[in-house]
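Heads up: the structure comes next, in structure tokens.
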There are 2 protein chains.
Amino acid sequence: MTESESESKFLKSYNPKDFDSPLCTVDMAIIAVEAGELKVLLVQRSEHPHKGCWALPGGFADLKRDNSIEATAHRKLAEKTGIKTPYLEQVESIGNAMRDPRGWSITLLYFALIDFEALSIKEGAVTGSEQTQWMSIHDALKCELAFDHALLLRKAINRLRNKTRYTALPISLMPETFTLTELQTMFELILGTSLQKKSFRRRLEASGLLIGSGDMRSTARRPAALFKRSDSFKSDHVFPGLLDVEIESL
Amino acid sequence: MTESESESKFLKSYNPKDFDSPLCTVDMAIIAVEAGELKVLLVQRSEHPHKGCWALPGGFADLKRDNSIEATAHRKLAEKTGIKTPYLEQVESIGNAMRDPRGWSITLLYFALIDFEALSIKEGAVTGSEQTQWMSIHDALKCELAFDHALLLRKAINRLRNKTRYTALPISLMPETFTLTELQTMFELILGTSLQKKSFRRRLEASGLLIGSGDMRSTARRPAALFKRSDSFKSDHVFPGLLDVEIESL
DNA sequence: CCAATAGTGTCTATTAGACAGTATTTC
DNA sequence: GAAATACTGTCTAATAGACACTATTGG
């Protein structure tokens with residue numbers, strides 16, 4: 001018997017269910033800004049365990065439909081928000097015997113940043129019999145989420161905050177066009193501090209990530225130039241230096 | 001029936017094996033420096049699939065013995081190297097339908113940095129009937145590792161290189177005491193470039209991570225001061241600025 | 001003209017790069 | 001003293017912080 005015959009014979013008799021395997025899920029911290037607050041999308045669990053509790057959206061990978069875990073994450077996101085091209089990043093995987101009463105369980109945590117205005121499914125939507133809600137990060141961390149989802153949410157927010165110090169990531173939370181002041185306000189909201197206007201504008205100018213749209217936002221006072229993402233835009237662009245900001249770790 | 005009775009009834013009738021679940025493994029890129037080269041610990045697979053191929057050490061979590069995936073990673077590391085307190089960091093999780101011929105599979109990738117001299121199990125050890133080997137990173141990336149392990153190794157090395165630009169991580173690869181020149185050589189080995197001696201010493205001095213051991217290394221020429229980790233040492237200390245170095249992404 | 005917001009000029013502080021210069025050892 | 005390696009002095013370059021200043025709008 002050749003090696004390859006031996007291998008295919010082995011594979012034929014192999015049944016993954018013969019082994020103890022952890023439960024394996026994908027969970028998502030889907031983040032947007034609405035009404036001047038950082039919010040996260042929560043789902044009310046319609047099944048045990050933790051029935052009735054608010055939780056991060058997520059669930060088991062559908063091995064028949066999803067070719068990869070990113071595909072699972074994209075599918076979940078599209079189901080909940082209708083958005084197909086978000087900023088999506090894997091944060092971390094947490095696995096242990098205690099986090100789920102059904103037994104040893106692993107979750108792959110992703111976070112997604114979306115422009116709230118681009119949502120096709122908004123407030124209070126009911127998807128597949130599950131109630132969903134946008135809750136402020138602050139409230140969500142206090143409100144006893146299901147499983148260890150408070151921990152997961154903290155990990156996602158910490159990642160967002162850290163990356164906001166040296167990347168252009170928050171631009172993913174902005175609409176098509178926006179003013180520099182609006183963008184700075186978004187950075188400040190995430191970091192929880194105020195930033196120097198000059199420094200902020202300098203680094204964006206130097207990055208070449210944005211380009212003037214030609215239009216102005218006319219308000220009660222002096223109008224501000226509107227910008228949009230340039231051709232070379234990448235949301236994980238790394239600026240040359242760090243923003244010098246304390247981050248309170250959640 | 002109360003909610004909690006309802007939940008415990010649900011849990012009693014719940015069987016994880018009723019659901020399709022991916023195979024779930026932990027894989028480790030265990031890295032050390034020997035003979036002036038970055039090396040990775042490889043294991044020759046004694047079973048199908050990819051029998052006979054070199055692979056990153058790893059395997060299924062033992063749900064009975066391991067309380068968490070970090071525990072699994074630590075256990076695997078101790079089994080292969082005898083080392084209990086390495087630098088250990090989760091890199092990423094990769095999951096898809098193609099990476100393992102047995103079916104949909106997820107791996108949680110860790111990387112560990114160890115001081116080669118501290119190894120209790122060295123060259124050519126046979127652990128549990130498996131042959132192991134320290135191979136240079138360069139060779140390992142060329143030699144057709146099992147599964148997608150070449151990809152995993154690239155991800156681990158890229159992470160190590162990136163972090164070497166702004167953290168003190170390579171110190172985890174050093175013995176108890178060492179000279180600054182030896183440490184700089186370690187950084188240069190990882191980054192694949194030479195560094196400015198003055199800049200290098202300045203940032204270490206300012207960090208307070210190291211403290212003179214009092215001894216000197218006596219060589220053929222002027223002796224060099226020996227340093228050791230100070231009380232405030234943390235291997236993931238972040239320096240204030242980046243080393244200005246191109247990194248060729250593997 | 002005033003209030004308010006948009007946007008700029010410019011000085012300082014910090015930190016890395018460059019590289020030449022000094023120090024200490026063995027032979 | 002020569003060779004080699006350890007270590008330092010110091011100038012430049014890049015980039016963020018601070019903050020006052022000018023510009024442009026509506027009323």
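Every value quoted in this text rests on a predicted model; they were computed, and no experiment measured them. Below, chain A is the first sequence line, B the second, and so on; all start at residue 1.
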Heavy atoms from C-beta onward define the side chain here; which of C/dG7, C/dA16, D/dA6 lies closest to that of A/R201? C/dG7
When the nearest nucleotide of DNA chain C is assigned to B/L195 and to A/A224 on a heavy-atom basis, which residue is associated with the more 5' position? A/A224
So, A/T167 versus A/D236: side-chain donor-acceptor pair below 3.5 Å or not? no
Measure from the side-chain N and O atoms of A/Q90 to the backbone N and O of A/L109, and report whether any donor-acceptor pair falls under 3.5 Å. no
To the nearest Å, how far apart are B/E205 CD and D/dT8 C1'? 11 Å
What integer distance in Å separates B/K197:NZ from C/dA23:C1'? 12 Å
Atom-pair distance (CZ on B/F187; P on C/dA16), nearest Å: 12 Å
Hydrogens and angles aside, do B/T177 and B/S213 bring a side-chain donor and acceptor to less than 3.5 Å of each other? no
B/R203 near the nucleic acid: base, sugar-phosphate alone, or nothing, with a heavy-atom cut-off under 4.0 Å? sugar-phosphate
Among D/dA16, D/dA6, D/dG26, which nucleotide sits nearest the side chain of A/S199? D/dA16
Protein-nucleotide distance (A/K198, atom NZ; C/dT12, atom P), rounded to Å: 16 Å
When you measure from the side-chain N and O atoms of B/Q196 to the phosphate of C/dA16, is any distance below 4.0 Å, counting only OP1 and OP2? no
Nearest whole angstrom, please: distance from the C1' of D/dC7 to the CZ of B/F227. 10 Å
Distance check needed: C/dA6 C1' versus A/L183 CG, whole Å only. 15 Å
Nucleotide D/dG17, atom P - distance to CD of A/Q184 in whole Å: 11 Å
Quick one: label A/A225 by what it contacts on the DNA or RNA (base, sugar-phosphate, nothing), any heavy atom closer than 4.0 Å. sugar-phosphate
Which one, D/dC19, C/dA4, D/dC7, comes nearest to the side chain of B/R222? D/dC7
Go nucleotide by nucleotide along DNA chain C from the 5' end; which of B/R202 and B/M216 gets its closest nucleotide reached first? B/R202
Looking at every strand, decide which applies to B/T181 at a 4.0 Å heavy-atom threshold: base, sugar-phosphate, or nothing. sugar-phosphate
Is the distance between the ring centroids of B/F178 and B/F227 under 6.0 Å? no
Nearest whole angstrom, please: distance from the C1' of C/dG17 to the CG of B/L242. 14 Å
Between CG of B/L108 and CE of B/M28, what distance do you get to the nearest 0.5 Å? 11.0 Å
